[in-house]
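Index from 1, following the sequence. Counting convention: from 1, in listed order, for ligands and their atoms alike.
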Amino acid sequence: MTQPSLFDDTDTDALTAVHFHPDFSSWQQRARQLLMNETPPQRVWWQPDHTQERTVTSSSDTAIRVPKSFIAQARAASCHRSDERWALLYHLLWRLTHGERHLMQLAGDPQVAKLRHYAKSVSRDVHKMKAFVRFRAVDDADGDQRYIAWFEPDHFIVEYAAPFFERRFANMRWSILTPDCCAHWEGSGELWFSEGADKAAAPEEDVVEDTWRCYYRHIFNPARVKIQAMMAEMPQKYWKNLPESRLIPTLIQEADKRVAVMARNAKSSERLRCGPRPATPAQELDEAIRQSESGSIQHLALAAQNCRNCHLCETATQVVFGEGPVPAKIMLIGEQPGDSEDLAGKPFVGPAGELLNRALAAAGLRREELYLTNTVKHFKFRAKGRRRLHESPHEEEINACSPWLAAEIEQVQPSIIICLGATAALAQLGKNVRIAQDRGKLLAGLGRQYLVTVHPAHLLRSGENPREFQRFAADLQVAAEKLNSLGIK
Ligand code: URA
């Protein structure tokens, strides 16, 4: 092993080789012994050795009085990757205890400056670890869930930073794998550490990754894009382990366009009786998502809350997610929430919903047994004075919302999906479906049956013709009868 440069002018034969486990308390303990023996730094050859026992200073060790600022910085600097660090710490300790008590105040002193530089690099590395560790859920050999993260720190910071993760994720079982050292927490007990691991030992994706990306897209504020600051805060070397990083180039590209839409919409929504609700604070939403069962309908409804997949979120009051039992035999899909639904945050509670309730009852269906949702989850409207007039959603808005609906169908697992109106029918069955020809028939598609009919708002617009109402109820009845014939209640 070559001598660290701090010893360059030393006669190596006269050196005392100090073998110690390379952690701060083992170094501290050896440094105390050396000080007690009045061994000057030029005579010490620090030999870090992982096979050595860890040692901790005990109460019987002689107390050495040094400024607190030295201890704090020395502890951080001891995690630096430089081979010189142990020698540097002992040099400083020696000087502090041999007539240079105020040494730490001499910022220009080369050794003090080096200590500060080391401590600062380590703090920055710890900060990045706290920000960029991403856990992925896996089932371990016992079928229990464990969260595993892969991280490549610049310095030897795993043991130093691990208590933060223990406090932050106290109820989870987790492991943070790095090339030098791995930290593990079993949800209680004590943190434990093992040797470095290979990246292949960590999972690359998990089931909530898409939800997380969706969430990130929604909280990304296009009006606050500062590319240089972003690159400084999230250097590119961390990107490869961050699920959200692949979204960033597109989010940046789209930012100007989204800001222009926001500005335009802000003007029109100022006059309206309701505008977008402020997004739920990220931390609160994060916590609620974490507490809901992963992949459940509540989990989805929460994640959808801050949806920013299309510009409709800029003017609508809130996301109107689906409602009803899960699973449910029948799912009804409308077009989008109307004015009342937008304000209430619930589907089909306005005039169209009231007409739908009557038609369901006439068809022998109980609303509380059905799952009701919409193709698009935000209200699209045009402002006219203080009124908000319904506007049909475009294909891009329907597509932007389609992952939410697909996830709802996956959860609800309906035997029959009833499409109310052309938007829902088009989104579910494609362009070949014609409401006028196909209404009231059971259609096969994607492993389940579909029934298309008119939208209740269409009946309202045409003056609620009793014959049309009867026809609408008769269409719905086809689904009820099908369930009965299958003996499904
Ligand atoms: N129209 C719809 O399509 N959905 C609603 O929730 C209300 C009106």
*Measure from NZ or CZ of Arg81 to the centre of the six-membered ring of Phe156, then state whether that distance is under 6.0 Å and the direction lies within 45° of the axis.*
yes

Can you check whether Thr317's main-chain N or O pairs, donor with acceptor, with Asp342's side chain at less than 3.5 Å? yes

Looking only at atom types and distance, does a side-chain atom of Arg146 sit under 3.5 Å from a main-chain N or O of Trp174, one as donor and one as acceptor? yes

Residues 149-162 vs side-chain hydrogen bond (donor to acceptor under 3.5 Å, both in side chains), sequence neighbours excluded, gives Arg54-Glu159, Trp150-Glu152, Asp154-Lys237

Taking C-beta and beyond as the side chain, do Ile252 and Met230 meet within less than 4.5 Å on heavy atoms?
yes

Within the 4.0 Å heavy-atom cut-off around ligand 1, the contacting residues, ordered by chain and number, are Gly334, Glu335, Gln336, Pro337, Gly338, Glu341, Pro347, Phe348, Asn374, His455

_Between Asp438 and Lys441, does the salt bridge (Lys or Arg N to Asp or Glu O under 4.0 Å) criterion hold? Intermediate values first, please._
CA-CA 6 Å; Asp438 298 323; Lys441 294 180 200 156; 3.7 Å; yes

